[in-house]
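Heads up, the thing below is written out as structure tokens.
The residues of the chain are indexed from 1 along the displayed sequence.
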Amino acid sequence: MAISQVLCTSFKKELLEGTHIFGSDGFKIALYTSAATLNADTTAYSTDNEVSGTGYTAGGYALTVGTVASGDGVGFVNFSDATWASSSFTARGALIYNDDKGDRAVMVLDFGDDKTSNNSTFTVGMPANTSTAALIRIT
């Protein structure tokens, strides 16, 4: 099994088709164990090898979408940090997906190794919403 950080290929196509609307669609982030296979070919949210444990609900966390912006020849958007308070589980990666459009995959995040929360707050920190740091950047 493997998790590779990448914008999903299906998401790139769906952007061109106008499927995802970052100003109004609801996006979520789901956490996965090291047994998950998430990569460029991931097309939708799945419960297969999703994290389970105290403080985590299947389907993940509802994200707040940052301002869609452009600058330096780049279009970009990011999300708010995701937090699970008083949680106990281990996660290896995550999938950001569009909850309003059939759970279509957007992006896979690879944490690099297992990250564990033991009755504490588990946070997936997002980078700044800038042309050089945002998770989603169109160059």
Side-chain angles (χ1 to χ4, degrees):
M1 309 305 162
I3 297 175
S4 301
Q5 184 150 321
V6 66
L7 278 177
C8 299
T9 303
S10 58
F11 170 71
K12 294 174 187 179
K13 176 182 176 280
E14 291 162 0
L15 274 180
L16 296 174
E17 295 171 336
T19 301
H20 302 276
I21 304 170
F22 283 87
S24 61
D25 289 351
F27 293 85
K28 286 188 169 183
I29 182 170
L31 302 177
Y32 290 86
T33 69
S34 60
T37 299
L38 299 169
N39 55 43
D41 296 330
T42 301
T43 59
Y45 161 76
S46 169
T47 59
D48 292 346
N49 298 303
E50 186 175 9
V51 162
S52 65
T54 303
Y56 185 84
T57 302
Y61 181 91
L63 294 168
T64 300
V65 178
T67 302
V68 176
S70 63
D72 303 319
V74 179
F76 56 92
V77 67
N78 209 5
F79 303 95
S80 61
D81 291 352
T83 58
W84 291 265
S86 302
S87 60
S88 295
F89 54 77
T90 299
R92 175 64 170 78
L95 177 70
I96 296 174
Y97 67 96
N98 190 330
D99 190 43
D100 288 344
K101 298 290 172 61
D103 295 342
R104 291 179 172 160
V106 172
M107 181 176 198
V108 176
L109 301 178
D110 178 2
F111 299 159
D113 55 18
D114 284 347
K115 304 296 181 190
T116 300
S117 174
N118 188 6
N119 197 28
S120 59
T121 299
F122 188 95
T123 301
V124 177
M126 301 295 179
N129 193 30
T130 67
S131 63
T132 58
L135 284 178
I136 300 174
R137 290 173 280 160
I138 310 297
T139 59

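Side-chain atoms of Y97 come within 3.5 Å of backbone N or O of G59 as a donor-acceptor pair. The backbone N or O of D25 sits nowhere less than 3.5 Å from a side-chain atom of K101 that would complete a donor-acceptor pair. Side-chain atoms of S87 never come within 3.5 Å of backbone atoms of T121 as a donor-acceptor pair (strictly under, hydrogens ignored). D100 places a side-chain N or O within donor-acceptor distance of the main-chain N or O of G26, the cut-off being under 3.5 Å. In this structure, N129 contributes its side chain and T67 its backbone to a donor-acceptor pair below 3.5 Å. For T130 (side chain) and A133 (main-chain N/O), a donor-acceptor pair under 3.5 Å exists by modelled atom type. Side-chain atoms of S80 do not come within 3.5 Å of backbone N or O of L63 as any donor-acceptor pair. Side-chain atoms of D81 come within 3.5 Å of backbone N or O of M126 as a donor-acceptor pair. Of the possible polar contacts, one joining the N78 side chain to the P127 backbone as a donor-acceptor pair under 3.5 Å is found. Proximity of a side-chain donor or acceptor of R92 to a complementary backbone N or O of A35 within less than 3.5 Å is not detected.
Residue D72 qualifies as open at atom CG: its count of foreign heavy atoms under 6.0 Å is 12 or below.
Hydrophobic clustering keeps V106 apart from V6 (ILVMFWY residues linked when any side-chain heavy atoms are closer than 4.5 Å, directly or through intermediates). Under the 4.5 Å side-chain heavy-atom criterion for ILVMFWY residues, a single connected hydrophobic cluster contains both L135 and I138. Neither L95 nor Y61 shares a network with the other; the hydrophobic side chains, linked directly or stepwise wherever heavy atoms of I, L, V, M, F, W or Y lie under 4.5 Å apart, form separate groups for each. By the criterion of side-chain heavy atoms lying less than 4.5 angstrom apart, applied directly or through intervening Ile, Leu, Val, Met, Phe, Trp or Tyr residues, I3 is not grouped with V124; the two fall into different hydrophobic clusters. At a threshold of 4.5 Å between side-chain heavy atoms, the hydrophobic network of Ile, Leu, Val, Met, Phe, Trp and Tyr places Y56 and F79 in one connected group.
Side-chain atoms of L31 and F111, non-hydrogen and from C-beta on, do get closer than 4.5 Å to each other. The shortest side-chain heavy-atom distance between C8 and V108 falls under the 4.5 Å cut-off. Contact check for I29 versus L109: side-chain heavy atoms found under the 4.5 Å cut-off. Residues I136 and F22 meet the side-chain proximity criterion, which asks for heavy atoms closer than 4.5 Å.
Ring-plane geometry between W84 and F89 is classed as perpendicular, the angle between the planes exceeding 60 degrees on a 0 to 90 degree scale with a lower cut at 30.
Donor-acceptor pairing under 3.5 Å is recorded for the side chains of T116 and T90.
The OG1 atom of T37 lies 7.5 Å from the CG atom of N49; values are rounded to the nearest 0.5 Å. In this structure, CE on M107 lies 6.5 Å from CD1 on I96, to the nearest 0.5 angstrom. With rounding to the nearest 0.5 angstrom, the OG1 atom of T9 is 10.5 Å from the CD atom of E14. If you take OG1 on T42 and CZ on F11, they are separated by 14.0 Å, rounding to the nearest 0.5 Å. Note that OG of S86 is 6.0 Å distant from CG of N119, once rounded to the nearest 0.5 Å. Note that OG1 of T43 and NZ of K13 are 11.0 Å apart. Values are rounded to the nearest 0.5 Å.
Nearest heavy-atom pair, T19 versus R104, reported as atom, atom and distance to 0.1 Å: CG2-NH1, 2.8 Å. Considering every non-hydrogen atom in both A134 and F76, the closest pair reads CB-CB, 3.9 Å. The nearest pair of heavy atoms linking S131 to G71 is CB-O, 3.4 Å. Shown here for V74 and R137, the closest heavy-atom pair between the two residues is CG1-CB, 3.8 Å. Between Y45 and A58, the shortest heavy-atom distance links the atoms OH-C, 3.8 Å.
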